[in-house]
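Scroll down for the structure; my scribbles are underneath it.
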Amino acid sequence: MIDVQQVALQGLPAVFYDLVISGELANLAGMKAPANARRIWLLCLLAFCSIAAQAQHYVPTDAGSKVQFTIINHLIFTSTVNGYFKGLKGSIRFDPRDLKSSSIDATVAVNTISTGIGKRDRDLLEEKYFNAAKYPVMRIVSTGIAATDKPSTYQLTAALTIKGITRTITFPFTAVVSAEAVQLTGKFTINRKDFQVGPDNAIDDKLTVTLNVQAKKQ
């Protein structure tokens, strides 16, 4: 017959395991040390550890964060265009010790696009490019987060949605966790035509997106 208590004890921190087995935890509460008392305390500990094991919740902040794209324009002469999006919102759950419970769900507002030239920005909001009136946000939702062999570096697989079209992307990112916040940084390359952004013209099809996300603990 399977001993439920022994199975449940697997995964408890060693100090809790020792206290439960020895009966000292029950004694601390003024209880006798028989099995029933130990089981009661075990259930309490399991509930506590279950709550503690959940990945920490963070909310990304627009201030201090950067969502940047870089693309090459070959019109007349070759130049690099840098653009930015603001209006960052979402939810991040992250715990490097519990990546299965970690997740990212974030959006930016399309109408905040800024490339430094007002007319170009207005053109990019039109139907043939981002169609901001119909698709006001771009969204990224994680489908998996995995560890890598580099410190504080992880592999993100996510669903990226632009203009109502969703594609799977995978890229490495770093996570720096502090007492009250987490900073996520990474970059990836996409083909704008995969999302029906813009016609054939002098602009490269591929662009690089660079992310530097600051998120506060909730």
Do the non-hydrogen side-chain atoms of [X] and [Y] ever get within less than 4.5 Å of each other?
X	Y	result
His57	Ser91	yes
Ile190	Phe69	no
Thr161	Tyr135	no
Leu211	Val67	yes
Tyr129	Val110	no
Val141	Thr143	no
Gln56	Val182	no
Lys206	Asp204	no

Spatial distance of atom [atom1] ([X]) from atom [atom2] ([Y]) [nearest 0.5 Å]:
X	Y	atom1	atom2	value
Gln214	Leu88	CD	CG	10.5 Å
Tyr58	Gln218	OH	CD	10.5 Å
Ile145	Asp98	CD1	CG	10.5 Å
Ser103	Asp95	OG	CG	11.5 Å
Leu156	Ile169	CG	CD1	6.5 Å
His74	Ile76	NE2	CD1	13.5 Å

Answer yes when Arg139 and Asp105 have at least one side-chain N-carboxylate O distance shorter than 4.0 Å, and no when they do not.
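Result for this pair is yes, salt bridge flagged.
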Is the number of heavy atoms from other residues, nucleotides or ligands under 6.0 Å of [X] [atom1] greater than 12?
X	atom1	result
Lys89	NZ	no
Gln183	CD	yes
Lys187	NZ	no
Lys128	NZ	no
Glu127	CD	no

Derivation of the side chain to side chain contact (heavy atoms under 4.5 Å, CB included) call for Ser114 and Asp121
CA-CA 6 Å; Ser114 175; Asp121 294 344; 4.3 Å; yes
Shared hydrophobic cluster, [X] / [Y] (ILVMFWY, side-chain heavy atoms < 4.5 Å):
X	Y	answer
Phe85	Phe171	yes
Phe188	Ile72	no
Ile92	Val137	no
Tyr84	Ile117	no
Leu184	Leu160	yes

Of the non-hydrogen atoms in [X] and [Y], which two are nearest, and what is the gap between them?
X	Y	answer
Arg192	Asn201	NH2-OD1, 3.0 Å
Met138	Phe130	SD-CE2, 4.0 Å
Lys86	Val108	O-CB, 3.6 Å
Thr115	Gly83	CG2-CA, 4.0 Å

Can any side-chain N or O of [X] pair as donor or acceptor with the backbone N or O of [Y] at less than 3.5 Å?
X	Y	value
Thr153	Asp149	no
Lys66	Thr210	no
Ser101	Ala55	no

Examine Tyr154 together with Phe94 and report whether their ring centres are nearer than 6.0 Å.
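For Tyr154 and Phe94, the ring centres are under 6.0 Å apart.
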Flag for Asn212-Thr185: side-chain donor and acceptor within less than 3.5 Å:
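No, no side-chain donor-acceptor pair sits under 3.5 Å.
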So Asn82 and Thr70, side chain to side chain donor-acceptor pair (under 3.5 Å) or not? Walk me through it.
CA-CA 5 Å; Asn82 291 305; Thr70 303; 2.9 Å; yes
